[in-house]
Amino acid sequence: MTDYGEEQRNELEALESIYPDSFTVLSENPPSFTITVTSEAGENDETVQTTLKFTYSEKYPDEAPLYEIFSQENLEDNDVSDILKLLALQAEENLGMVMIFTLVTAVQEKLNEIVDQIKTRREEEKKQKEKEAEEAEKQLFHGTPVTIENFLSWKAKFDAELLEIKKKRMKEEEQAGKNKLSGKQLFETDHNLDTSDIQFLEDAGNNVEVDESLFQEMDDLDLEDDGDGPDYTPADPESDLTD
């Protein structure tokens, strides 16, 4: 007859010596304890971690122990789900043998895989960003290839903008025409316009002043010709003959 209690006590002692820094007893009846499992350091010294809680069933190891994720760090929900599936598979395969060390070892390997996956995922994200940046640079130099679809879309937008500009210009011209006054309206609204030309000439210095002193000396001038007598008549050719 199997002594389940003896097997359980022996395993507990072995686990405490194997995991001295991460093994913690929660209760003795039923025996319950936790073991913290940490992955190897990945890129930038990043790690993932989980604390597993085990509780012995009455007939363990012929029955699987109860297990759960007690706590975790840096694990996604799908990672936690994968770990629980792994524990179930390992527990079924190891029925009849003490198995806690085997279960913890399997989880340890899984955590290391997760760290590697994180590294791979980051490298892929980095490559994807580099590819997107390269494509954006190509688009910057080569532009977008012209297709019938994007040309028609551009033309429709261009025609709409052009029509809007024409409407705005026509509206401005129409408004300007309404505000323009005729010559008659200008004179009726501003009576200063009828004297504006005279005022302009006066302001420009075109008002002529006559210096009368220039004509006073003309009386002293002898305008008579000495060769002609008082009876000289230019129209009479015989006037010289009579003298």
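Atoms considered below: every heavy atom in the structure, side chains included; atoms not considered: hydrogens, waters and symmetry mates.
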* When hydrophobic residues are tied together by side-chain contacts of less than 4.5 Å, even through go-betweens, does Leu163 share a cluster with Ile165? -> no
* Return yes if some donor-acceptor pair links the side-chain N/O of Thr120 with the main-chain N/O of Asp116 below 3.5 Å, else return no. => yes
* To do: Search all heavy atoms of Val25 against all heavy atoms of Phe23 and return the closest pair with its distance.
  => CG2-CE2, 3.5 Å
* Is there a donor in the side chain of Gln49 and an acceptor in the side chain of Thr38, or the other way round, less than 3.5 Å apart? -> yes
* Any side-chain donor near an acceptor of the partner, Asn150 and Thr147, under 3.5 Å -> yes
* Between Phe33 and Tyr56, what is the ring plane arrangement, given parallel below 30°, perpendicular above 60°, and tilted in between? -> perpendicular
* Heavy-atom pair of closest approach, residues Val115 and Glu46 -> CG1-O, 4.2 Å
* Atom of Gln108, atom of Ser39 and distance for their closest heavy-atom approach -> NE2-CA, 3.7 Å
* Criterion side chain to side chain contact (heavy atoms under 4.5 Å, CB included) against Pro61, the qualifying member of Met97, Gln8, Glu7 -> Glu7
* Taking every non-hydrogen atom, the tightest pair across Pro20 and Ser17 -> CD-O, 3.6 Å
* Within a reach of under 6.0 Å around CD1 of Ile148, are more than 12 heavy atoms found that belong to other residues, nucleotides or ligands? -> no
* Do Pro31 and Leu12 come within less than 4.5 Å of each other through their side chains, counting heavy atoms only? -> yes
* To do: Spell out, yes or no, whether Val104 and Val80 are grouped together once hydrophobic residues are joined by side-chain heavy atoms under 4.5 Å, including indirect joins.
  => yes
* Is any side-chain heavy atom of Glu73 less than 4.5 Å from a side-chain heavy atom of Val48? -> no
* Enclosure of Glu130 CD (heavy-atom neighbours >12, cutoff 6.0 Å) -> yes
* Asked: Would you call Glu40 and Thr47 a side-chain contact if the rule is heavy atoms closer than 4.5 Å?
  -> no
* Give a yes or no on this: more than 12 heavy atoms of other residues, nucleotides or ligands lie within 6.0 Å of atom CD of Glu6. => yes
* To do: Report yes if some heavy atom in the side chain of Leu111 is under 4.5 Å from a heavy atom in the side chain of Leu75; otherwise report no.
  => yes
* Output the distance between atom CG (Leu52) and atom CD (Glu68), rounded to the nearest 0.5 Å. => 9.5 Å
* Asked: So, do Leu95 and Asp62 sit near enough that their side-chain heavy atoms are less than 4.5 Å apart?
  -> no
* Asked: Can you check side-chain contact (heavy atoms from CB on, under 4.5 Å) on Glu93 and Gln90, steps first, answer last?
  -> CA-CA 5 Å; Glu93 292 179 352; Gln90 291 294 321; 4.0 Å; yes
* Any side-chain heavy-atom pair of Lys85 and Ser81 under 4.5 Å -> yes
* To do: Decide yes or no on salt bridge (charged side-chain N to carboxylate O under 4.0 Å, His left out) for Arg169 and Glu174, but give the supporting numbers first.
  => CA-CA 9 Å; Arg169 184 176 298 172; Glu174 181 180 355; over 6 Å; no
* **Cluster link Leu103 to Phe101, ILVMFWY, side chain under 4.5 Å** => yes
* To do: Indicate yes or no: at least one non-hydrogen side-chain atom of Val37 is less than 4.5 angstrom from one of Tyr19.
  => no
* Determine, step by step, whether Glu63 and Ser57 satisfy the side-chain hydrogen bond (donor to acceptor under 3.5 Å, both in side chains) criterion, reporting the C-alpha distance in whole Å, the side-chain angles of both residues, the deciding distance to 0.1 Å, and the verdict. => CA-CA 7 Å; Glu63 294 176 348; Ser57 59; 3.3 Å; yes
* Any link between Leu15 and Leu66 through a network of hydrophobic side chains (Ile, Leu, Val, Met, Phe, Trp, Tyr) touching at under 4.5 Å? -> no
* Taking atom CG of Asp21 and atom OG1 of Thr36, what is their separation to the nearest 0.5 Å? -> 10.0 Å
* Asked: With Lys131, which residues qualify under salt bridge (charged side-chain N to carboxylate O under 4.0 Å, His left out), at least two apart?
  -> none
* CZ/Phe70: more than 12 non-hydrogen atoms of other groups inside 6.0 Å -> no
* Asked: Side-chain contact, heavy-atom cut-off 4.5 Å: Thr51 with Gln72?
  -> no
* Check the surroundings of atom CG in Asp77: do more than 12 heavy atoms from other residues, nucleotides or ligands lie under 6.0 Å from it? => no
* To do: Could you go through the side-chain hydrogen bond (donor to acceptor under 3.5 Å, both in side chains) check for Glu11 and Tyr60 one step at a time?
  => CA-CA 11 Å; Glu11 185 179 39; Tyr60 174 82; 2.9 Å; yes
* Structure fact -> The reported gap from NZ in Lys110 to CD in Gln117 (rounded to nearest 0.5 angstrom) is 5.5 Å
* Structure fact -> One should read off an interatomic distance between Tyr67 OH and Met99 CE, to the nearest 0.5 angstrom, of 10.0 Å
* To do: Inspect the contact between Lys127 and Glu132 and indicate whether a charged nitrogen and a carboxylate oxygen are less than 4.0 angstrom apart.
  => no
* Side-chain heavy atoms under 4.5 angstrom apart, residues restricted to Ile, Leu, Val, Met, Phe, Trp, Tyr: same cluster for Ile114 and Leu86? -> no
* **Rounded distance [0.5 Å steps], CD in Glu13 versus CD1 in Ile18** => 12.0 Å
* Minimum heavy-atom distance Pro65-Ile100, with the two atoms named -> CG-CD1, 4.0 Å
* Asked: Sub-3.5 Å donor-acceptor pair from the side chain of Thr34 to the main-chain atoms of Leu26, do we have one?
  -> no
* Asked: Hey, what do you get for CD1 (Ile69) to CG (Leu87), rounding to the nearest 0.5 Å?
  -> 6.0 Å
* Within the distance-only criterion (no hydrogens, no angle test), does the side chain of Asn112 pair as donor or acceptor with the backbone N or O of Glu109 below 3.5 angstrom? -> no
